[in-house]
Amino acid sequence: MAKKKYYVVWMGHVPGVYTAWPTAKQQIDGYKGAKYKSFPDRAQAEAAFRRGFGSYLKQSLGTKASKSSHPRTRPSAVPSSETIIGKSISVDAACSGNPGKMEYQGVTTVGKRQIFHQAFPLGTNNIGEFLALVHALAFLQKQEQPDLPIYTDSKIAMGWIKKGKCKTTLVRNAKTELLYQTIEKAEAWLKENTVTNPILKWKTKVWGEIPADFGRK
RNA sequence: ACAU
DNA sequence: GCATGT
Ligand SMILES: [Mg+2]
Ligand SMILES: [Mg+2]
């Protein structure tokens, strides 16, 4: 039989030392950012509880203990990607017809204040999303804001930026020649510059439409 | 299927 | 329902 364990809940509905997992779990379930860990005996548990989570964690991290023995933070509190970073900009593209008349814009994520906007007589949704991202990157570099994140809802455009290449299928002809030259300029920018700003996926299903959305769907 |  | 993309 395994020896009975003790459960410290530093932060939860009712913090304290618990002698059974089900009761400890009650204290952390539904508590955002709960801090807790199990201990092999009562003395260690009570000492850790009295020291407080911060002090205990510091010591634990400075030691060669296995990762799994560090104190826990409830997963639902961790997901940085689950929280909208307000200090950021958001971009989006739209077209009427695809391919069709295309435009893109960048706005402040909070307040939706427009930062840039461009329109083209013919383009695709994905080209627009791609150009919007490069426009945002160049703009933030000029503003010396290399850490400000950029939100996009386009998986495709994120991939093209990573590749440094706009992998469009749009026909290149007289009607698209100017757009293609813009694309080549954008690709050249990516080749000559380092992408420093985090490019983050906007979670439309969770958060609703991206702030830069044109609202025409 | 997923993201537009 | 159509199209752009991985
Ligand atoms: Mg979009
Ligand atoms: Mg949109």
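Convention: sequence-line order gives letters A, B, ...; per-chain numbering from 1. Scope of the values below: all heavy atoms of this structure, side chains included, with no hydrogens, waters or symmetry mates. Treat the numbers as computed from the prediction; the structure is a model and nothing was measured.
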### Task
Determine, stepwise, if the pair A:Leu170 / A:Ile127 fulfils side chain to side chain contact (heavy atoms under 4.5 Å, CB included).
CA-CA 9 Å; A:Leu170 183 66; A:Ile127 291 172; 3.8 Å; yes
### Summary
In whole angstroms, the gap separating P of B:U4 from CZ of A:Phe130 amounts to 19 Å
### Message
Just the rounded figure in Å: distance from P of B:C2 to CE of A:Met158.
### Response
18 Å
### Task
Taking the six-membered ring of A:Phe39 (Phe, Tyr or Trp), confirm whether the NZ or CZ of A:Lys37 is under 6.0 Å from its centre and within 45° of its axis.
yes
### Message
What is the separation between atom CD1 on A:Ile156 and atom C1' on C:dA3, rounded to the nearest whole Å?
### Response
13 Å
### Query
Between atom CG in A:Asp153 and atom C1' in C:dG5, what is the gap in whole Å?
13 Å
### Task
State whether the distance check finds a donor on one side and an acceptor on the other, under 3.5 Å, for side chain A:Asn126 versus base B:U4.
no
### Query
Should the pair A:Glu184-A:Arg172 be classified as a salt bridge under the 4.0 Å nitrogen-to-oxygen rule?
yes
### Phosphate contact (C:dG5 OP1 or OP2) by A:Ser154 side-chain N/O below 4.0 Å
no
### Integer-rounded Å distance: C:dC2 P and A:Arg216 CZ
21 Å
### Query
Side-chain N or O of A:Thr168 less than 4.0 angstrom from OP1 or OP2 on C:dT4?
no
#### Entry: d(CG, A:Leu133; C1', B:U4) in whole Å
13 Å
### Query
Across the strands shown, which category fits A:Asn125 at heavy-atom distances under 4.0 angstrom: base, sugar-phosphate, nothing?
base
### Message
I'd like to know if A:Tyr104 and A:Leu140 are part of one continuous hydrophobic network [Ile/Leu/Val/Met/Phe/Trp/Tyr, side-chain heavy atoms within less than 4.5 Å].
### Response
yes
### Query
Within the structure shown, what part of the strands sits under 4.0 Å from A:Lys205 by heavy-atom distance: base, sugar-phosphate, or nothing?
sugar-phosphate
### Query
Would you say A:Lys201 reaches B:U4's phosphate, i.e. side-chain N/O to OP1/OP2 under 4.0 Å?
yes
### Task
Send over the distance from A:Ile127 CD1 to C:dT4 P, rounded to a whole Å.
10 Å
### Message
I want to check one thing: is the phosphate of C:dG5, taken as OP1 and OP2, less than 4.0 Å away from some side-chain N or O of A:Thr169?
### Response
yes
### Query
Hey, is the side chain of A:Trp160 poking within less than 4.0 Å of OP1 or OP2 on C:dT6, counting only N and O atoms?
yes
### Phosphate OP1/OP2 of C:dG5: any A:Lys155 side-chain N/O under 4.0 Å
no
### Task
Go through C:dG5, C:dT4, B:U4 for me and flag the one nearest to the A:Thr204 side chain.
B:U4
### Message
Within this structure, what is the NZ-NZ distance for the pair A:Lys203 and A:Lys205, rounded to the nearest 0.5 Å?
### Response
12.0 Å
### Query
Rounded to the nearest Å, what distance is computed from the CE atom of residue A:Met102 to the P atom of nucleotide C:dA3?
19 Å
